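Values reported hereafter were calculated over all heavy atoms of this structure, with side chains retained and with hydrogens, waters and symmetry mates removed. All of these numbers come straight from a predicted model, not from anything done at the bench.
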Amino acid sequence: MDAITRPIERIVEASEHFMRTPSRRVLHVVTSSLLRIPALQHLCATELLEQNTEPYFVLESPTEPGDDGWLGRTRELRADWEALLAEAPSGAMAPLWPEARASAPVARFGLELGLALGQLRAPMTGLVIVLAPLALTDADAWRRDLGILLRERGLAKARFVLVETEEATSSPILDTLAQETIERVDARIDVSALQGEMRDRVDRMANAPPGASGPILTGAAGPSVTAPRRVNEPPTLSPAERAAHAEALGIPAAYLDLDAMQRLRVLVMSAALAFGRGEAAEAVRLQREARDHCLANAMTREAVVNELVLAGYVLQGGSHERALELFRDAERRAREAKLDELTLQAKMAVGSCLVMLGRIDEAASCYGEAGRFGVETGATVLAIEAFRMSGQLLASRNRLEEAATAFRGALGAAEETPSDQRALTSAPHAARELAALCRKHGLVQQAASLEAQAAALEELPDPPADPSSPPSSPTEP
């Protein structure tokens with residue numbers, strides 16, 4: 001897939017050149033959402049090159065309404081220093097500095113970064129700060145703050161990598177700086193080229209010769225005729241033998257039928273390709289065939305998954321009522337088959353569809369049911385989001401007591417979620433929304449407690465101690 005590999009190659013080339021060229025202060029990477037994670041992985045791989053003398057700190061806190069993200073980035077900066085300190089030989093790095101204080105979050109971040117730069121020890125010559133916000137909701141504020149940091153003389157030993165998806169949001173502020181200090185790379189996917197490659201690949205999949213196996217079934221290059229049977233190749237199973245073998249394994253017989261599975265792959269990929277070209281009706285037709293193919297071959301799990309995708313295509317095509325029917329069919333099918341996770345996903349999709357139809361009270365009730373089902377089945381991460389959505393919708397209808405109950409449900413689910421996952425859920429948002437409700441009713445202490453709980457939920461737990469490390473000596477009182 002050249003349309004995907006070429007942008008990655010441009011990132012690798014630009015990041016290595018940036019590392020070897022200290023006069024470059026900023027590397028600006030604009031990539032596609034699909035490549036965001038690979039882009040960060042390849043950028044950070046540059047840190048491991050022998051010539052590099054600057055640690056890379058990746059900061060991903062988003063900007064959101066009412067939160068410019070700089071306090072989150074400050075916490076990430078300190079956490080990255082502590083992680084580096086834990087891995088460094090004894091005495092090779094200075095300990096974590098005392099927290100800085102400033103009225104503006106971006107000013108505090110700048111102070112913290114300045115303190116970090118002041119703690120550098122040989123062979124470290126600087127820091128590379130990778131700013132890759134998960135979301136940017138206020139582009140003007142982002143550019144203003146970025147300009148403050150890039151013009152601050154006290155941060156001269158810091159170099160910056162800006163990773164943005166789809167839009168070159170930072171370009172206007174970078175255009176005002178000395179251009180010889182800026183390196184830019186456009187690593188976005190050429191969508192038309194990708195669609196052409198995908199179309200060719202699906203055509204090759206559909207035309208794979210009977211009995212083909214391996215890469216040929218995925219559209220890779222290979223002979224266009226059936227390979228001759230090997231001398232010692234076991235005989236092909238008859239349909240009856242295949243069914244008996246599948247029953248013994250406890251799987252659908254279609255799993256052992258190469259032609260049936262190949263047919264499903266071709267249908268699903270053809271539908272996705274049609275949808276990407278804007279041919280919604282064709283995508284729906286092909287995806288419906290995929291779902292029916294799964295039903296005809298007793299592949300219930302796959303039928304539910306493909307029905308959810310089908311409903312999504314129908315919804316994107318504007319047929320909201322029909323999509324709601326399909327989401328409900330998928331939920332019923334998953335529930336009858338005791339596929340709990342898919343049941344929950346389908347139930348939340350029903351809620352989302354009801355919101356789009358403007359049926360807010362029904363949607364709030366549906367999300368509440370999804371939250372309770374998630375707790376019952378141990379899917380607490382999804383349960384948190386379901387309760388939070390229910391609370392938001394109820395609050396929008398001024399059903400504040402019920403909204404508070406829903407938000408408490410989210411926090412209760414968070415208590416049952418592994419600690420290393422809580423910060424990645426929407427539980428902190430639920431805590432803050434419940435705090436806002438408390439403040440609205442004059443419950444100031446409860447609101448403060450909930451805001452503190454939200455901050456605690458956002459903190460990732462310390463990594464487990466290395467059992468091979470000697471225990472530290474106790475501190476004298």
Is a side-chain donor-acceptor pair under 3.5 Å present for [Y] with [X]?
X: Ser170; Y: Trp142; value: yes
X: His17; Y: Glu183; value: yes
X: Arg20; Y: Thr46; value: no
X: Glu76; Y: Ser61; value: yes

Val185 and His28: side chain to side chain contact (heavy atoms under 4.5 Å, CB included), yes or no, with the steps? CA-CA 6 Å; Val185 58; His28 186 203; over 6 Å; no

[X] [atom1]: over 12 foreign heavy atoms closer than 6.0 Å:
X: Arg143; atom1: CZ; result: yes
X: Arg184; atom1: CZ; result: yes
X: Glu13; atom1: CD; result: no
X: Glu341; atom1: CD; result: no
X: Glu99; atom1: CD; result: yes

Identify, with sequence neighbours excluded, every residue that meets side-chain hydrogen bond (donor to acceptor under 3.5 Å, both in side chains) alongside Glu302.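 Expected list: Tyr255.
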
For residues [X] and [Y], determine if any side-chain heavy atom of one lies less than 4.5 Å from a side-chain heavy atom of the other.
X: Leu40; Y: Val130; answer: yes
X: Asn52; Y: Glu16; answer: no
X: Cys44; Y: Val58; answer: yes
X: Trp70; Y: Leu149; answer: yes
X: Asp80; Y: Leu59; answer: yes

Taking every non-hydrogen atom, the tightest pair across Leu111 and Ala102: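 Smallest heavy-atom distance, with atoms named: CD1-CB, 3.8 Å.
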
Nearest-0.5 Å distance that lies between atom CG in Asp2 and atom OG1 in Thr5: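 The CG atom of Asp2 sits 4.5 Å away from the OG1 atom of Thr5.
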
Measuring from Ile11:CD1 to Leu35:CG, what's the distance to the nearest 0.5 Å?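 With rounding to 0.5 Å, CD1 (Ile11) is 6.5 Å from CG (Leu35).
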
With distance as the sole test, does [X] use its side chain to make a donor-acceptor pair with the main-chain N or O of [Y] at under 3.5 Å?
X: His42; Y: Pro38; result: yes
X: Gln119; Y: Met93; result: no
X: Thr53; Y: Met124; result: no
X: Tyr367; Y: Gln392; result: no
X: Thr169; Y: Ala139; result: no
X: Glu164; Y: Leu162; result: no
X: Ser390; Y: Phe387; result: no

Quick one, Glu47 with Met19, criterion side chain to side chain contact (heavy atoms under 4.5 Å, CB included). Give me CA distance, side-chain angles, the key distance, then yes/no. CA-CA 8 Å; Glu47 182 182 14; Met19 184 272 293; over 6 Å; no

List the atom pairs, donor and acceptor, that lie under 3.5 Å between side-chain atoms in residues 154-161 and the rest of the protein, sequence neighbours left out.
{"residue": "Arg159", "atom": "NE", "partner": "Glu54", "partner atom": "OE1", "Å": "3.3"}
{"residue": "Arg159", "atom": "NH1", "partner": "Phe18", "partner atom": "O", "Å": "2.9"}
{"residue": "Arg159", "atom": "NH1", "partner": "Thr21", "partner atom": "O", "Å": "3.0"}
{"residue": "Arg159", "atom": "NH1", "partner": "Arg24", "partner atom": "O", "Å": "2.8"}
{"residue": "Arg159", "atom": "NH2", "partner": "Phe18", "partner atom": "O", "Å": "3.1"}
{"residue": "Arg159", "atom": "NH2", "partner": "Glu54", "partner atom": "OE1", "Å": "2.9"}

Can you list every pair that meets salt bridge (charged side-chain N to carboxylate O under 4.0 Å, His left out) and has a residue in residues 26-38, with sequence neighbours left out?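 Those involving residues 26-38 are Arg36-Glu60.
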
Taking the inter-plane angle between the rings of Trp81 and Phe57 on a 0 to 90° scale, is it parallel (under 30°), tilted (30 to 60°) or perpendicular (over 60°)?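 If you compare the ring of Trp81 with that of Phe57, the planes turn out perpendicular.
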
Hey, is Arg78 close enough to Glu112 for a salt bridge, meaning N to O under 4.0 Å?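 Salt bridge flag = yes for Glu112 with Arg78.
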
